[in-house]
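Read through the structure below, which is laid out as structure tokens, and then see the notes.
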Amino acid sequence: RLNIGVESQIADSAVAKGFIEFDWGLNGTSSVGMFLPRLRHAYAAIEMANAVNILVGQFWLPNQVLVVDTFSPNNFLRQGNTWTRTPQLAVSKSFGPVKAALMLASTTGVTGSVTGLPAASTGLGAALVEHPVPAAFAQLTWNVMPKSWVAVTGGVAQPTVGFQALPGAPAGTVVPEASGFTSIYADAATLLTFGPLSVGGKIAYGVGAGLGMGVGQSLVLDAAN
């Protein structure tokens, strides 16, 4: 993993930051794909004391930042965490111990992937396409004491699925588009620290295509698409 960060004091109470990070790993099944770099983070931010902070670029979704992986014996890898880095515009401001944050994020980055019928049965390939309306998130965090906080997060997205005729598809294959899969996500989380002991908890709710899931898919398409 390689990352580079820069920081500059641009005013008495304002700092500009830039950060980019790559890693290399099993990003494909071919010998070439295995060694292609993957972009993890790439953003610019302005942080202003007692004012609004702005971040533009690829970074974690807000519900990921607060809590690590949720334990689940059922192997739902990241149940209750979308665990996604995605292009976004994030604005935040602190009011004493309370921090409010709003975010607009790429719908394709938020919702993950599509699982469809075998191509032979339909002649169509499916993939998520960018929705004109970005996914939206809001978060409130209250620092109740040093290293202790309570937070609530909510998000909504409208994924769109695009289809394309695959090589060898029957002549005249219709290429439809499906949208309207509303995704809703909400959680309440806390981390309380008492000396060397920390206690964390999280309640999460997700419905629709992708938000709050962690099982590697967001939409499963049937014969009617």
Side-chain angles (χ1 to χ4, degrees), residues 1-70 77-78 80-94 99-113 127-131 134-141 143 146-149 151 153 155 157 159 185 187 189 191 193 198 200 202 210-214 216 218:
R1 183 173 300 176
L2 173 67
N3 61 58
I4 301 172
V6 295
E7 181 175 320
S8 176
Q9 192 82 27
I10 57 177
D12 289 343
S13 58
V15 175
K17 295 182 178 181
F19 187 75
I20 188 167
E21 182 174 84
F22 295 89
D23 66 5
W24 287 262
L26 299 178
N27 298 325
T29 55
S30 69
S31 59
V32 175
M34 289 174 64
F35 296 100
L36 292 176
R38 176 182 65 160
L39 180 65
R40 285 171 49 85
H41 299 288
Y43 64 83
I46 296 179
E47 299 179 357
M48 296 174 281
N50 303 315
V52 173
N53 298 321
I54 301 172
L55 182 146
V56 180
Q58 182 157 299
F59 191 58
W60 292 113
L61 289 177
N63 45 324
Q64 159 54 26
V65 174
L66 293 175
V67 177
V68 298
D69 270 352
T70 302
L77 303 175
R78 299 178 175 99
N81 289 315
T82 59
W83 197 261
T84 300
R85 295 172 296 265
T86 187
Q88 60 183 266
L89 167 63
V91 178
S92 63
K93 188 179 189 310
S94 294
K99 180 181 178 181
L102 298 175
M103 173 191 295
L104 299 178
S106 163
T107 52
T108 54
V110 166
T111 47
S113 58
L128 284 166
V129 297
E130 191 66 46
H131 195 278
F137 290 86
Q139 184 177 71
L140 282 176
T141 306
N143 289 306
K147 299 183 180 181
S148 298
W149 47 259
T153 305
Y185 178 89
D187 74 38
L191 180 69
T193 302
S198 294
K202 183 171 186 177
L211 288 176
M213 295 183 179
S218 11

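Values below: all heavy atoms of this structure, side chains included; hydrogens, waters and symmetry mates excluded. Count residues from 1 along the sequence. Values in this document were obtained by computation on a predicted structure and should not be read as measured data.
Atom-to-atom distance recorded for Leu55:CG and Trp60:CH2 is 14.0 Å, nearest 0.5 angstrom. Going from atom OH of Tyr185 over to atom OG1 of Thr153 covers 7.0 Å, rounded to the nearest 0.5 Å.
A heavy-atom distance below 4.5 Å is not found between the side chains of Asn50 and Met48. Between Ser198 and Leu191 the shortest side-chain heavy-atom distance falls below 4.5 Å. Annotation: side chain of Phe22 is not in contact with side chain of His41 (no heavy-atom distance under 4.5 Å).
Side chain of Ser94 to main chain of Lys99: no donor-acceptor pair is present (N/O by atom type, distance under 3.5 Å, no hydrogens or angles). Here the side chain of Gln58 pairs a donor or acceptor atom with the backbone of Arg40 at under 3.5 angstrom. Put simply, the side chain of Ser106 never gets that close to the backbone of Pro87: no donor and acceptor are under 3.5 Å apart. Between the Thr107 side chain and the His131 main chain, a donor and an acceptor come within less than 3.5 Å of each other.
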For this session: Start with the C-alpha gap between Asp23 and Leu39, add the side-chain angles, then the distance that decides, and say whether side-chain contact (heavy atoms from CB on, under 4.5 Å) holds.
Result: CA-CA 7 Å; Asp23 66 5; Leu39 180 65; over 6 Å; no
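Taking both residues in full, the closest heavy atoms of Pro134 and Ala105 are given as CB-O, 3.3 Å, listed atom of the first, atom of the second, then distance. Contact between Gln88 and Phe59 at its shortest, heavy atoms only, is NE2-O, 2.8 Å. The nearest pair of heavy atoms linking Lys17 to Glu47 is NZ-OE1, 3.3 Å.
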Quick one: side chains of residues 1-14, donor-acceptor pairs under 3.5 Å with protein atoms, not counting sequence neighbours, listed by atom name and distance.
unit_1: Asn3; atom_1: ND2; unit_2: Glu21; atom_2: OE2; d: 2.9
unit_1: Gln9; atom_1: NE2; unit_2: Ala11; atom_2: O; d: 2.8
unit_1: Gln9; atom_1: NE2; unit_2: Asp12; atom_2: O; d: 3.4

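Within 6.0 Å of atom NZ in Lys93, more than 12 heavy atoms from other residues, nucleotides or ligands are found, so the atom counts as buried in its surroundings.
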